[in-house]
Protein chains: 2
Amino acid sequence: MEGIARQRILPLETLSRLPVYRQKLRQLREDGVDTVSSLELAKQLGVGDAQLRRDLSYLRLLGRPGRGYGVRHLEEGITRALGLDRRWPLAIVGCGSLGTALARYEGYARDNLVVTAIFDIDPAKVGKKVRSVTVSHIDEAPRVIAETGVELAVIAVPSSAAQHVADAMVRAGVTALLNFAPVALAVPAGVIVRQMDISAELQILAHLKIVENG
Amino acid sequence: MEGIARQRILPLETLSRLPVYRQKLRQLREDGVDTVSSLELAKQLGVGDAQLRRDLSYLRLLGRPGRGYGVRHLEEGITRALGLDRRWPLAIVGCGSLGTALARYEGYARDNLVVTAIFDIDPAKVGKKVRSVTVSHIDEAPRVIAETGVELAVIAVPSSAAQHVADAMVRAGVTALLNFAPVALAVPAGVIVRQMDISAELQILAHLKIVENG
DNA sequence: GACTGTGAATGACTTCACAGCG
DNA sequence: CGCTGTGAAGTCATTCACAGTC
């Protein structure tokens with residue numbers, strides 16, 4: 001059933017910690033630190049030192065016993081592992097207040113992520129500009145996505161439209177989706193979906209508050 | 001070292017699936033479905049049926065062998081487990097485009113989450129209204145939070161301010177934070193933090209695209 | 001016959017703990 | 001010495017598989 005075994009080089013948990021490591025390492029570099037021990041770095045990140053060393057060993061990022069790790073070395077290694085040593089054109093679908101906020105966000109650049117397309121279904125919004133990107137109608141997606149080489153799409157539309165948008169993106173050739181709508185998307189095998197659900201996170205917090213505190 | 005053993009009734013993984021289950025169950029109920037088998041529900045959610053049954057068994061939510069589970073029964077049970085059978089006043093800190101978008105979001109209501117306070121540090125924004133909530137200055141947080149009974153806060157400020165905001169919230173008595181800034185917050189024990197990092201998610205997608213596809 | 005609920009098996013990730021290097 | 005890198009052990013979550021119920 002599962003065809004050729006897919007090489008999963010990295011535990012998914014490790015992968016999801018890498019951006020956090022990377023962010024802290026950049027900060028250390030900017031502060032002029034050039035060597036750091038796993039103990040020190042782990043403490044600053046709030047993770048275990050053994051876990052940190054294990055994670056780095058998956059990436060074959062070595063330190064020097066007795067000395068620690070090179071900050072720059074780690075930062076570059078993680079950047080490469082994440083694939084951020086090249087540009088990633090990005091589409092944002094949905095130009096409501098959330099979509100617009102996501103399109104306006106300035107932090108993508110340092111991760112080599114570039115918003116190159118914005119879509120909406122409302123003709124009144126088409127033509128509007130957000131940070132030098134012109135909003136296109138969703139029907140133009142196949143053309144615009146082909147032209148700009150978009151490979152990642154962020155879905156910021158109402159729940160009722162999310163599945164349609166996902167279908168449209170997949171048809172247009174996008175195989176990685178970040179979905180803000182609180183619905184489980186159905187997508188063909190090979191398409192990667194990650195969910196970002198604000199309400200869900202708040203619900204989790206509510207539960208934790210009840211069990212941890214009063 | 002660990003004081004009184006803290007009852008962790010639920011695996012964290014289970015907990016984070018509950019909002020997803022809940023959402024699908026509401027949808028089924030609205031569609032008039034009143035009984036569903038673990039197999040059917042699991043298929044619609046894209047999870048394993050054994051996992052679903054196990055998760056429900058943690059909550060002592062029973063089905064009828066040969067019949068399935070009562071949709072309404074499950075929905076209510078999960079709502080109760082998440083603590084959403086009462087109102088949760090919510091604060092949003094940061095009234096930039098992301099903060100405003102989060103404050104404007106209409107989906108909180110069905111989860112019993114209510115935005116009752118919005119804060120910003122910019123005096124020019126204080127007094128502005130978003131969805132009938134007036135923006136307060138962050139310095140007013142202790143008073144406003146006490147008055148409105150806020151227990152959850154969403155941090156939507158620039159990275160450079162996030163730690164200060166977290167400190168201020170904790171001082172004002174908030175013990176559960178949802179942080180959109182891409183920094184690891186340091187908080188006292190007992191304060192719960194959950195991270196929502198858009199860039200991090202996109203970085204993960206980028207990596208997965210590389211290893212899964214070309 | 002259809003489906004649940006759950007021990008037992010498996011698998012995945014984390015942590016320990018220490019040999020070995022600089 | 002200090003600190004890494006990693007087998008081995010431990011912990012936690014998922015999946016199997018089936019006895020038991022409706």
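Convention: sequence-line order gives letters A, B, ...; per-chain numbering from 1.
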**Asked** Run the salt bridge (charged side-chain N to carboxylate O under 4.0 Å, His left out) check on A:R86 and A:E151 step by step: do they pass?
**Response** CA-CA 12 Å; A:R86 63 125 158 142; A:E151 298 183 83; 2.9 Å; yes

**Item:** Value in whole Å for how far the C1' atom of C:dG5 lies from CG of B:D55
**Value:** 13 Å

**Request:** For B:D49 and for A:Q51, find the nucleotide of DNA chain C with the closest heavy atom, then tell me which residue's nucleotide is more 5'.
**Result:** B:D49

**Prompt:** Which part of the nucleic acid, if any, lies within contact of A:G68, taking any heavy atom under 4.0 Å across all strands shown: a base, the sugar-phosphate backbone alone, or nothing?
**Reply:** sugar-phosphate

**Fill in**
Of the listed C:dT6, D:dG2, C:dA17, the closest approach to the A:A50 side chain comes from C:dA17

**Message:** Any side-chain to backbone donor/acceptor pair from B:Q195 onto B:A184? Under 3.5 Å, distance only.
**Reply:** no

**Atom-pair distance (CG on A:L59; P on D:dG5), nearest Å** = 12 Å

**Prompt:** Separation of A:L52 atom CG from C:dC16 atom P, in whole Å?
**Reply:** 14 Å

**Request:** Assign A:R60 to base, sugar-phosphate, or nothing according to its heavy-atom contacts below 4.0 angstrom with the strands shown.
**Result:** nothing

**Request:** Would you kindly give the CZ-to-P distance between B:R17 and D:dA13, to the nearest whole Å?
**Result:** 9 Å

**Asked** Any N or O donor-acceptor pair linking the side chain of B:R54 to the base of D:dT15 at under 3.5 Å?
**Response** yes

**Item:** Nucleotide D:dC3, atom P - distance to CG of A:L62 in whole Å
**Value:** 17 Å

**Message:** Taking any heavy-atom pair under 4.0 Å as a contact, classify A:L56: base, sugar-phosphate, or nothing.
**Reply:** nothing

**Item:** Pair A:D55-A:Q51, side-chain donor/acceptor within less than 3.5 Å
**Value:** no

**Request:** Looking at every strand, decide which applies to B:G63 at a 4.0 Å heavy-atom threshold: base, sugar-phosphate, or nothing.
**Result:** sugar-phosphate

**Item:** Check: A:D167/A:Q163 side-chain N/O donor and acceptor closer than 3.5 Å
**Value:** yes

**Asked** Between B:L41 and B:Y21, does a side-chain contact (heavy atoms from CB on, under 4.5 Å) hold up when you go through it step by step?
**Response** CA-CA 9 Å; B:L41 184 52; B:Y21 296 171; 5.9 Å; no

**Prompt:** How close or far is atom P of C:dG5 from atom CG of B:L39, stated in whole angstroms?
**Reply:** 14 Å

**Message:** It should be established whether A:S38 places a side-chain nitrogen or oxygen under 4.0 Å from OP1 or OP2 of nucleotide D:dC3.
**Reply:** no

**Prompt:** Separation of A:L74 atom CG from D:dT4 atom P, in whole Å?
**Reply:** 10 Å

**Prompt:** Nearest-Å distance, CD (A:E13) to P (D:dT11)?
**Reply:** 18 Å

**Item:** Closest-nucleotide 5' rank along DNA chain C - winner of B:L61 and A:R67
**Value:** B:L61

**Asked** Below 4.0 angstrom from OP1 or OP2 of C:dG7, is there any side-chain N or O of B:R53?
**Response** no

**Request:** Report yes if at least one side-chain N or O of A:Y58 is closer than 4.0 Å to OP1 or OP2 of C:dT14; otherwise report no.
**Result:** no

